[in-house]
Peer 1: 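Starting off with a structure, shown below.
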Amino acid sequence: MVSSLTQPQSRSILVPRDFANEPDIQQLALIRHTCAHIMAMAVQKLYPGTKVAILFQRGFANGPVTETGFFYDFDSPVTFTRDNFAKIVKEMRRIIKANLPIVREVVSKQDIQAEIADLGEPYKLEILDSIPDGEIITRYFIGSPDTGKSTKSNVEVDPSLLAPIIIPPQSWWDLCAEPHLNSTGEIDPNSFALESLAGAYWRGDETKPMLQRIYGTAWETPAQLEAYLTQKEEALKRDHRKLGRELKLFSIQEDAGGGLVFWHPRGAKIRYIIEDYWRKAHLDSGYELLYTPHIANLDLWKTSGHFDFYQESMFDSMDVDEKAYQIKPMNCPFHVLTYKHELHSYRELPLRWAELGTVYRYERSGALHGLMRVRGFTQDDAHVFCLPEQIASEILRVLNLTEQILSDFGFNDYEINLSTRPEKSVGADEVWELATSALIEALDAKGWNYTIDEGGGAFYGPKIDLKIKDAIGRLWQCSTIQVDFNLPERFEMEYVAADNTRKRPIMIHRAIFGSLERFFGILIENYAGNFPLWLAPIQVRLLPVTEEVRDYCDRVITTLKQAGFRVELDHSHERLGKMIRTAELEKIPVVAVIGMKEMETQTFSIRTRKGGDLGLLNLVDLQQKMQQVIQDKSSL
RNA sequence: GCCGAUGUGGCUCAGUGGUAGAGUAGUUGAUUCGUAAUCAAUUGGUCGCGAGUUCAAAUCUCGCCAUCGGCUCCA
């Protein structure tokens, strides 16, 4: 609720780009949907007693189809493991190769009810019950309902493949409302794969039984499957948890507790650069900086409303001089208190206050995920207190700053959501109207496309969320801008209006990175650890070829350091090849090889991570080149 | 929190009831070397933690913790 600046969803969506042939989305949906049914059929045949349990659920409006494949939920006496996959895939291929027809049938609730009861499929029955009366009920058969024989199709079928598929009652069906392929043979038997196993609550409800879910991926052609799997491998290589350890950026330690991040020297160096950049950008954009405490009297959270609604996500309070103190789960109330500390005139507004505020939230153990979902994190938080008529221009200002900052980190592709008033909400109609149209006005002025999420706003005000697209096409939610009518009310915030009456200011919450931890994780994955020169914790490493040049190297390092470069000497006494290899593995952007030749001619043999051997440069040229690249925030 | 899996030197992993191993990193020595791995020696582990079974537990059982894949949650 209030405050927000949430840690957004922790996983990105992996969708491959760059197919030779862009897959047809409609066709893919049909393939995946049909694959899901084929998998269910295979599983039920192979593991008798397994019940299927799948339904249309929130977020999966198209049934058991995902961004990259499909899934099905089972309640089975068998506990599935990956070892079962080969067998299931084999059976699925048989079903596909048999080219069984897929037949849609409209059924009456009574008839089908009896049939399901006979089958002993309680989940199916429950799904049926939830279908409103009067709605058309359909089921889909795989294999002809009467004969179970293959469709007469122009696809040649090997009769030997048919034999194993005869399962009582010779065909398989499930309730389903969505369209399917016409026959199983339309799927390429080599363009799908089973991927993973997971627990999933029946109906997505954590009070209901836990089912076994099997995920698969499916495509039109084996080449597309291959491209997807390659993409997945690429994502794995970029995993910030792996790179964070390899590049000595950060750690999360069992001894300290889950979800608590240790920034090691190299990671901390990057964070320092990011923070420094962030502060400057905010000061330049008319913000002032705040620092506020990490704990405070619990009463604040009662006033703000957090305690009533979100106590579960707050760490327990601690006793201080017989009063309850709370470690802060968000910064907003502190900015409000700062505001309330003195009387403000309408002439002062808007006030823009920013803080890199570290907050702690209790996340359930199973939700923790590297840097993406943690228990202690630093928000790049800011609040704008303004007059109603200033909302649009302030939002536009925020959008401009957001664009500037994100593009400096290499993110130029966004997906934008505008969320409007939900059913349960506070605030007068006209204020909502004003705020929402102000958001739209700002988005239009920016010329950004956006999707409207009707009723998706917080109860205290409408919001804009922004997802950024990374180097391999994944989307990450970072920035959020929210108008808040609630906190000013609860804390009775005021300003003195022109007519000398007291009025409530509008409060805007916003974060651009979301949290530094999470954004750092995204940066690591976006750059695959190859940070651009301006962010690289070590920009240059000098590799001495022989002992004689070490003093010279030391002098060069002093010079470069004085010029502001992050530079160091390789002290290892290893051979050049080894030193280069080490620097490459550490993803150092620039290495300068220095031997007698270089020392005598006052030059550097430069090798960049991207460009390989760049040849000889003198000190001035090297500095100029690097300065330019740093200024451009690019790589060399 | 729930389902499933995993936890062995800093890292990657082998070791299925009988004396804890490899590679790599680290350290030391030799080599002074020209664009992705020089050679040799060597340090380092109460096998996540705690109980239990057993003559004997890294190995079997139970509990807890953490991590991973998901589910749920994400103010």
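Just so we're on the same page: letters track the sequence lines, and every chain starts at 1.
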Peer 1: Rounded to whole Å, how long is the line connecting atom CZ of A:Arg375 with atom P of B:C74?
Peer 2: 16 Å
Peer 1: Quantified in whole Å, what is the C1' atom distance between nucleotide B:U32 and nucleotide B:G44?
Peer 2: 30 Å
Peer 1: Which whole number of Å gives the distance between the P atom of B:C11 and that of B:C3?
Peer 2: 29 Å
Peer 1: Under 3.5 Å, is there a donor-acceptor pair linking the side chains of A:Ser251 and A:His264?
Peer 2: yes
Peer 1: Answer with base, sugar-phosphate or nothing: what part of the nucleic acid does A:Arg241 contact at a heavy-atom distance below 4.0 Å?
Peer 2: sugar-phosphate
Peer 1: State the pairing partner of B:G26; accept Watson-Crick or G-U wobble contacts with both distances under 3.5 Å, and report none otherwise.
Peer 2: B:U42
Peer 1: From CZ of A:Arg82 over to P of B:G70, roughly how many Å is that when rounded to an integer?
Peer 2: 11 Å
Peer 1: Under a 3.5 Å limit for both distances, which nucleotide forms a Watson-Crick or G-U wobble pair with B:G7, could you say?
Peer 2: B:C65
Peer 1: What is the pairing partner of B:U59, taking Watson-Crick or G-U wobble pairs with both distances under 3.5 Å in any strand?
Peer 2: none
Peer 1: Given 3.5 Å as the limit, does a donor-acceptor pair link the side chain of A:Arg361 with the main chain of A:Ser313, or not?
Peer 2: no
Peer 1: Just the rounded figure in Å: distance from C1' of B:U67 to CG of A:Asp255.
Peer 2: 14 Å
Peer 1: For B:G23 and B:A37, measure between their C1' atoms and round to the nearest Å.
Peer 2: 13 Å
Peer 1: Do A:Arg364 and B:C73 have a side chain to base donor-acceptor pair shorter than 3.5 Å?
Peer 2: no
Peer 1: Taking A:Thr68 for the side chain and A:Thr217 for the main chain, is one N or O donor matched with an acceptor at less than 3.5 Å?
Peer 2: no
Peer 1: Which pairs count as salt bridge (Lys or Arg N to Asp or Glu O under 4.0 Å) when at least one residue sits in residues 239-265 of chain A, sequence neighbours excluded?
Peer 2: A:Asp239-A:Arg241, A:Lys242-A:Glu246
Peer 1: A:Asp205: which residues meet the salt bridge (charged side-chain N to carboxylate O under 4.0 Å, His left out) condition with it, sequence neighbours left out?
Peer 2: A:Lys208
Peer 1: Taking B:C64 as the reference, what is the distance to B:G1 when you measure between their C1' atoms (whole Å, please)?
Peer 2: 15 Å
Peer 1: Round to the nearest Å and state the distance from A:Tyr310 atom OH to B:C74 atom P.
Peer 2: 8 Å
Peer 1: Do any N or O atoms from the side chain of A:Trp432 and from the backbone of A:Val426 form a donor-acceptor pair under 3.5 angstrom?
Peer 2: yes
Peer 1: I'd like the P distance from B:C65 over to B:G29, given in whole Å.
Peer 2: 47 Å
Peer 1: Can you tell me how far C1' of B:A66 sits from CZ of A:Arg373, to the nearest Å?
Peer 2: 17 Å
Peer 1: Tell me which of A:Ile252 and A:Met314 sits closer to the 5' end of RNA chain B, going by the nucleotide each one is nearest to.
Peer 2: A:Ile252
Peer 1: Scan nucleotides 2-9 of chain B nucleotide by nucleotide, 5' to 3', and note B when protein non-hydrogen atoms come under 4.0 Å of the base, S if they reach only the sugar-phosphate, - if neither.
Peer 2: BBS--B--
Peer 1: Look through every strand shown and name the nucleotide pairing with B:C71 as Watson-Crick or G-U wobble, where both distances are under 3.5 Å.
Peer 2: B:G1
Peer 1: Under the salt bridge (charged side-chain N to carboxylate O under 4.0 Å, His left out) test, which residues partner A:Glu492, sequence neighbours left out?
Peer 2: none
Peer 1: Using the six-membered ring wherever Trp is involved, compare the ring planes of A:Phe71 and A:Tyr215 and label them parallel, tilted or perpendicular (cut-offs 30° and 60°).
Peer 2: tilted
Peer 1: Looking only at atom P, what distance separates B:U16 and B:G21, rounded to whole Å?
Peer 2: 14 Å
Peer 1: Can you tell me how far P of B:A75 sits from CZ of A:Phe377, to the nearest Å?
Peer 2: 10 Å
Peer 1: Given the P atoms of B:C49 and B:A66, what is the spacing between them in whole Å?
Peer 2: 15 Å
Peer 1: Checking base pairs now: Watson-Crick or wobble, both atom distances under 3.5 Å. What partners B:G21?
Peer 2: B:C13
Peer 1: When rounded to the nearest Å, what value does the distance between P atoms of B:U43 and B:U28 take?
Peer 2: 15 Å
Peer 1: Which is true for A:Gly259 with a 4.0 Å heavy-atom rule: it touches a base, it touches only sugar-phosphate, or it touches nothing?
Peer 2: sugar-phosphate
Peer 1: Scan for salt bridge (Lys or Arg N to Asp or Glu O under 4.0 Å) pairs involving residues 599-617 of chain A, sequence neighbours excluded, and state none if there are none.
Peer 2: A:Glu584-A:Arg607
Peer 1: B:G69 P sits how many Å from A:Asp239 CG, rounded?
Peer 2: 7 Å
Peer 1: So what's B:U54 paired with, Watson-Crick or G-U wobble, going by both distances under 3.5 Å?
Peer 2: none
Peer 1: Is B:U35 paired to anything, Watson-Crick or G-U wobble with both distances less than 3.5 Å, and if yes, which nucleotide?
Peer 2: none
Peer 1: Please state whether the rings of A:His33 and A:His37 are parallel, tilted or perpendicular, taking 30° and 60° as the class boundaries.
Peer 2: tilted
Peer 1: Does the protein touch nucleotides 27-37 of chain B at the base, only the backbone, or not at all? Give it as B, S and - per nucleotide, heavy atoms under 4.0 Å.
Peer 2: -----BBBBBB
Peer 1: Just how far, in rounded Å, is P of B:A75 from CH2 of A:Trp301?
Peer 2: 16 Å
Peer 1: State whether a side-chain donor-acceptor pair under 3.5 Å links A:Glu525 with A:His240.
Peer 2: yes
